[in-house]
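Remarks on the structure that follows.
In the text below, chain A, chain B and the rest are named by the order of the sequence lines, each starting its count at 1.
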Amino acid sequence: MSNVNSILSILAATYPEAHCELNFSTPFELLIATMLSAQATDKKVNQVTERLFRDYKTPEQFLTMSLAEMEQAIKELGLYHNKAKNILATCHILVENYGGEVPGSMEALTQLPGVGRKTANVVLSNAFHIPAMAVDTHVLRVSNRLGLASGTNPDLIEKQLMSCIPRSQWIQAHHWLIWHGRRICAARNPKCPECPLSPLCPSRLLPA
DNA sequence: AACTCGGGGCA
DNA sequence: TGCCCAGAGTT
């Protein structure tokens, strides 16, 4: 059994219920939640979107909000001016070009203002169930530490992970790596002594 | 590759 | 008080 397969099976056993922690009930809601999640905690995003989606459910309804109203609604997440502007511009495109629906292709999604490859992959994998690997800071850090990938370019990390992980596990592996990054393999003070992957990890910290 | 946007949470 | 948080766009 290869090292990668060992790592994947341990992650699978450790986080059997790993899933997307952004709350959504439609592709549109996931797109908005993911756009809002940049440099914010998913818990805060869920608090904000719970309020937002109670009153506004479609791009058409979002467009009834002014920029100032949108900024106020999402202010506590930070980066609110760019997020609000991009969300309204994206809703406009969804209504004008896609009949108010979220397109299900990488090309169309990344053409939307404020939607990059990471956000697009989250929407494609979680809302459309299309195999994809979304590389955020957690996935980048953890995959580097574990030796599953190397470098700082998210696009290259994505390719490396997609080549060493079976396609059928891309979506789950994405969630496993994030859950592991948040619970054990944190950016600061990783909990190596209690990490089930420690014996396989090239970057493990020896107990002090 | 480096910078900027940004309020909130947590040690 | 300092640093990180399920990033993207511009320079």
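- Atom-to-atom, CG of Leu79(A) to C1' of dC5(C) comes out at 10 Å; the value is rounded to the nearest Å.
- DNA chain B is contacted by both Asn189(A) and Glu76(A); Glu76(A) maps to the nucleotide lying nearer its 5′ end (nearest heavy atom per residue).
- The side chain of Thr34(A) contributes no N or O atom lying less than 4.0 Å from OP1 or OP2 of dG7(C).
- Taking every side-chain heavy atom of His174(A) into account, dA6(C) is the closest of dC4(C), dA6(C), dG7(C).
- Gln39(A) has its CD atom 12 Å from the C1' atom of dC3(C), to the nearest Å.
- Nucleotides dA2(B) and dA6(C) are separated by 23 Å at their C1' atoms, to the nearest Å.
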Mind listing the N/O atom pairs, protein and nucleotides 9-11 of chain C, below 3.5 Å?
from   : atom 1 : to        : atom 2 : distance (Å)
dG9(C) : OP1    : Gly114(A) : N      : 2.9

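- Counting non-hydrogen atoms under 4.0 angstrom, Lys83(A) reaches nothing in the nucleic acid.
- Just one residue in the list Ile171(A), Leu109(A), Thr34(A) forms a side-chain contact (heavy atoms from CB on, under 4.5 Å) with Val122(A), and that residue is Thr34(A).
- Smallest separation of non-hydrogen atoms from Ala149(A) and Gln160(A): CA-OE1, 3.2 Å.
- Rounded to whole Å, atom C1' of dC5(C) lies 11 Å from atom NZ of Lys118(A).
- Comparing Ala120(A) and Leu77(A) by the nucleotide of DNA chain C that holds the closest heavy atom to each, the one mapping nearer the 5' end is Leu77(A).
- Remark: P of dA8(C) and CG of Asp155(A) are 10 Å apart, rounded to the nearest angstrom.
- Proximity of Ser37(A) to the phosphate of dG7(C): no side-chain N or O atom is located under 4.0 Å from OP1 or OP2.
- Backbone-only contact: Thr137(A) has heavy atoms under 4.0 Å from sugar-phosphate atoms and none from a base.
- Between Trp179(A) and His19(A), the gap from one ring centroid to the other is short of 6.0 Å.
- When the C1' atom is used for both dA1(B) and dC5(C), the distance is 22 Å, rounded to whole Å.
- Between Ile74(A) atom CD1 and dC5(C) atom C1' the separation is 16 Å, expressed in whole Å.
- Of the listed nucleotides (dA6(C), dA8(C), dC4(C)), dC4(C) has the atom at the smallest distance from the side chain of Arg188(A).
- Using a distance-only test at 3.5 Å, with no hydrogens or angles considered, a donor-acceptor pair links the side chain of Asn46(A) to the main chain of Asn23(A).
- Rounded to whole Å, atom C1' of dG7(C) lies 15 Å from atom NZ of Lys85(A).
- With hydrogens and angles disregarded, a donor-acceptor distance shorter than 3.5 Å links the side chain of Lys83(A) to the backbone of Ala38(A).
- With a cutoff of under 4.0 Å to any heavy atom of chain A, the contacted region of DNA chain B is bounded 5' to 3' by dC5(B) to dG9(B).
- The shortest side-chain heavy-atom distance between Ile130(A) and Ser125(A) does not fall under the 4.5 Å cut-off.
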Practice item. Go through Thr26(A) and Phe53(A) one step at a time and tell me if the side chain to side chain contact (heavy atoms under 4.5 Å, CB included) criterion holds. Key: CA-CA 10 Å; Thr26(A) 65; Phe53(A) 296 155; over 6 Å; no
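- Of the possible polar contacts, one joining the Trp170(A) side chain to the Ile165(A) backbone as a donor-acceptor pair under 3.5 Å is found.
- Comparing the P positions of dG6(B) and dT10(C) gives a spacing of 14 Å, expressed to the nearest Å.
- Residues Thr90(A) and Leu31(A) are in side-chain contact: their nearest non-hydrogen atoms beyond the backbone lie under 4.5 Å apart.
- Distance Arg183(A) CZ to dC5(C) C1': 15 Å, rounded to the nearest Å.
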Review point. Run the ring-ring contact (aromatic ring centres under 6.0 Å, His included) check on His180(A) and Tyr15(A) step by step: do they pass?
Key: CA-CA 8 Å; His180(A) 188 61; Tyr15(A) 309 108; 5.8 Å; yes
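- Closest to the Ala38(A) side chain, of the nucleotides dC4(C), dG7(C), dA6(C), is dG7(C).
- Counting any heavy atom pair closer than 4.0 Å across all strands shown, His81(A) reaches sugar-phosphate atoms only and no base atom.
- Side-chain contact between Ile74(A) and Met35(A) is absent, with no heavy-atom pair separated by less than 4.5 Å.
- What separates CE of Met106(A) from C1' of dA8(C) is a distance of 14 Å, to the nearest Å.
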